[in-house]
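Below, chain A is the first sequence line, B the second, and so on; all start at residue 1.
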Amino acid sequence: MEKYFKITEVRDRGWKGSFLSTLFYLFFSLVLLALTVPDSFAQTGRGKAESLIKESAVLSEDGNIDKAIEVCKEAVKADPDYAEAHDQLGQMLLRKGKYDEAISSFNSGLKINPRLRSAKTGIGFALLKKGDLKGAETVLKEALMLNPYPSTAHYALGLVYEKLNDYDKAVNQFKEGIQKYKSGKK
Amino acid sequence: MKISNGKEKILVLQAIAFFIIVVVSFTCSATAQALLQSGDKASDFSLKDMQGKEVSLSQFSQKKAVAIVFWSSWSANSPKALKRFEEFYKNYKDKGIQVIGINADNQTISEEDMGKISKLTKELDITFPILLDKNLKTFHEYNIIALPSIMVVTEGKISYELPGFPLVGTEDMFDFLRVQSGEAPRKQMEAKYKPRHDAIADASLARQFVKKKMYTMAYPLFLKAIEKDGKYILPYIELARLYELEGKKLEAEETLRKVLLVEPNSVVILSELGYFLSKAGKTKEAIEVLSKAVKMNSYTPAHYYYAYALAKDGKFKESLAAFDESILLNPFDSMIYSLRGEVYEKNSMLKEASSDYKKALELILKIKN
């Protein structure tokens, strides 16, 4: 490593020289990385799944949920062990109103990665939409224990309490969500 | 000076880290800079017009000035602003002035919204491009705080900003545009103040440290920015916020009072001071300060801070009316609902409080319903 960075030669050139050389090597390495890594990575199932997930996010932003679901299904096919692909499919199905399918997709993601932070919140949302408020409350509380970025889970739990006409608890959850977001825990 | 290899490596890494922070600080958009963005680089955007054609800011880079009008069909002053700009555009489009209207009716434009937008622009016979801001991305990038709002861009930088379409200030803005077109101003114009570049750089770097919660690094940089340019009000305000965040209330108040002496008529300072005083329980003075700010122009925070102060003073009905005013100016500002939620909560109206906090969180998380 030292040979690669030629530290001794760098020192001889003085501070400015060493700084510029380091920047040059850094830039050179990044260019090399950018030229070589993405191509080989994209050829793997994981690379393909990731790029499909990005595509589905754009489609979803454009309001094209049906197409986004199709693309997510392709992502799951490309890499069935990729938990995020199942999660993204769950999110799209949730938006489409297919709550049972969404729950099943979230569960597939959780089987691969039991700490998948948004899948539990997703299940909570789906149960809430199905009217299973108690079930949603339980899952969302679990999500809050798992999730380091809990604002969305607080939001969903707030919705559950609002539906249960427990406004005191709803207020607390929404406020907590706002506060956590502002403190950087999104 | 002899430095060991290990130390040298650390120094090089530190220098790179510093370099990256400096670069990032210049490229990140500052969220707290609403109304204080003059001199900042204008973010380029590419949005679709009503016919689906992409229009970008950069395609007008050869123009002497571009006036961007953020508007909505539901805001009372927007038709007035569009009409006035259409008249202006007809006379000045051949003199290097471009006008662009950016609609901000909703996060997602429904068919009903499209109908309203189309009807209004036809009625007003608008000939300049009307663009649709999907997800209000450009609206947020430009830190818009009221509708309508006008941003003037010259040489790629924001050179004038006008929230609302107030009686006072609007003519000055048109005068500014006339000057850009090469005409003489109708009245004597004061030279526009521009903060010193090195002060902007220090404040910007300090802001990055605040974001990273490296407060001890931020303090000296804010103070340096103030020392370099005593008229540059942004570092005062952000320093006061930092003091408050760290529980140094006395220092926060002192800083705000100090900057008020520098710019006694700044709506931003009056609003910040008023809000601070409300929270500190000095409600009478807060109301006095904020009522002055509210009368000055359509700066939305002035209106909701005023509403909050009124509620703290027990004037609940007046408070709700003032909150309604601020919603009319900018319904996408989450702070309105957060503060009104707090007011409802204090008055034991939990259902209403819950609804407002929910709305605030939806806006923060950009949740669409």
**Student:** So do the side chains of K358(B) and Y155(A) get within less than 4.5 Å of each other, counting heavy atoms only?
**Tutor:** yes
**Student:** If you round to the nearest 0.5 Å, how far is CG of N172(A) from OH of Y357(B)?
**Tutor:** 9.5 Å
**Student:** With only heavy atoms counted, which part of D62(A) is less than 4.5 Å from chain B, the side chain, the backbone, both or neither?
**Tutor:** both
**Student:** Under a 4.5 Å cut-off applied to non-hydrogen side-chain atoms, are L365(B) and S151(A) in contact?
**Tutor:** yes
**Student:** Looking at L350(B) and V171(A), what are the two nearest heavy atoms and their distance?
**Tutor:** O-CG2, 3.7 Å
**Student:** Is K175(A) salt-bridged to E345(B), going by a charged N under 4.0 Å from an acidic O?
**Tutor:** yes
**Student:** Could you measure the distance from the NZ atom of K180(A) to the CD1 atom of I364(B)? Nearest 0.5 Å is fine.
**Tutor:** 13.5 Å
**Student:** Are more than 12 heavy atoms from other residues, nucleotides or ligands located less than 6.0 Å from atom CE of M349(B)?
**Tutor:** yes
**Student:** Knowing that exactly one of S355(B), S354(B), S338(B) qualifies, which makes a side-chain contact (heavy atoms from CB on, under 4.5 Å) with F174(A)?
**Tutor:** S354(B)
**Student:** Select one option (side chain, backbone, both, neither) describing which atoms of K134(B) are under 4.5 Å from chain A's heavy atoms.
**Tutor:** side chain
**Student:** Between OG of S334(B) and OH of Y181(A), what distance do you get to the nearest 0.5 Å?
**Tutor:** 9.5 Å
**Student:** Just by modelled atom types, is the S183(A) backbone N or O under 3.5 Å from a matching donor or acceptor in the K213(B) side chain?
**Tutor:** yes
